[in-house]
Colleague: 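Quick one: the structure is below, and I'll ask about it shortly.
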Amino acid sequence: MNLQIRDPRARDLARQLAEKPKISLTEAVIEALESELQREREQVPLAERLAAISNDLKAKAGGGGRDLTRDEIDEMWGHS
C-alpha cells in the first residue's frame, strides 16, 4: 500500500520530523503514529487521576473533621 500525504501542513510536519534524525518521510510517519498509540495506551483515565488526587487530599487533610448539615450547606451556597 502506498501512503500519500496530500495535506501541505501534514507533509511539512512529516518533513520536519524526518529531518531531525535524517529518516524517510515514511519512517517519520510510522514513528509518530507508534508514539501516539503508545501515549494513548499509557494514558490514565480521568476518573482514576481524579480519584488519586482526591485520595491524596484526604490523606493530607487528616481526621477531625465533621460532616456539614443540610442547613450549613444551604447557608454556604446562599440559600438560607
Side-chain angles (χ1 to χ4, degrees):
M1 180 179 1
N2 189 13
L3 176 65
Q4 294 181 358
I5 302 175
R6 293 188 177 129
D7 184 286
R9 182 170 168 244
R11 194 175 323 114
D12 184 53
L13 291 169
R15 277 195 186 110
Q16 288 178 44
L17 189 58
E19 285 174 2
K20 298 291 181 181
K22 299 292 184 193
I23 58 175
S24 69
L25 288 177
T26 301
E27 194 59 35
V29 170
I30 290 169
E31 287 183 16
L33 292 171
E34 286 175 341
S35 176
E36 183 62 20
L37 286 170
Q38 184 65 31
R39 190 179 72 82
E40 286 290 325
R41 280 187 219 107
E42 293 173 354
Q43 188 173 11
V44 177
L46 178 60
E48 288 180 31
R49 295 192 319 257
L50 291 175
I53 292 169
S54 174
N55 291 337
D56 184 47
L57 291 174
K58 285 178 187 176
K60 287 179 181 178
R66 65 173 179 82
D67 291 337
L68 294 174
T69 66
R70 186 55 150 161
D71 289 338
E72 290 172 320
I73 294 171
D74 287 344
E75 185 179 330
M76 180 175 66
W77 285 99
H79 299 154
S80 50

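Residue numbers count from 1 along this sequence.
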Colleague: Donor-acceptor check, side chain of Arg15 to backbone of Leu25, threshold 3.5 angstrom: yes or no?
Modeller: no

Colleague: How long is the gap from CD1 on Ile5 to OG1 on Thr26, to the nearest 0.5 Å?
Modeller: 7.5 Å

Colleague: side-chain contact (heavy atoms from CB on, under 4.5 Å) with Ile53: which of Asp56, Asn55, Leu57?
Modeller: Leu57

Colleague: To the nearest 0.5 Å, tell me how far Glu42 CD sits from Glu40 CD.
Modeller: 10.5 Å

Colleague: CD/Glu31 to CD/Gln38 distance, rounded to the nearest 0.5 angstrom?
Modeller: 13.5 Å

Colleague: So, Arg66 and Glu72, do they make that salt bridge, N to O below 4.0 Å?
Modeller: yes

Colleague: Using the rule that two of Ile, Leu, Val, Met, Phe, Trp, Tyr join whenever any of their side-chain heavy atoms come within less than 4.5 Å, decide whether Leu50 and Val44 are in one cluster.
Modeller: no

Colleague: Considering non-hydrogen atoms only, spot the tightest contact between Glu27 and Ile23 and give its length.
Modeller: C-CD1, 3.9 Å

Colleague: Taking all non-hydrogen atoms of both residues, which atom of Val29 and which atom of Ala14 are closest, and how far apart?
Modeller: CG2-CB, 4.1 Å

Colleague: Going from CZ on Arg70 to CD on Glu75, what distance comes out if it is rounded to the nearest 0.5 angstrom?
Modeller: 13.5 Å

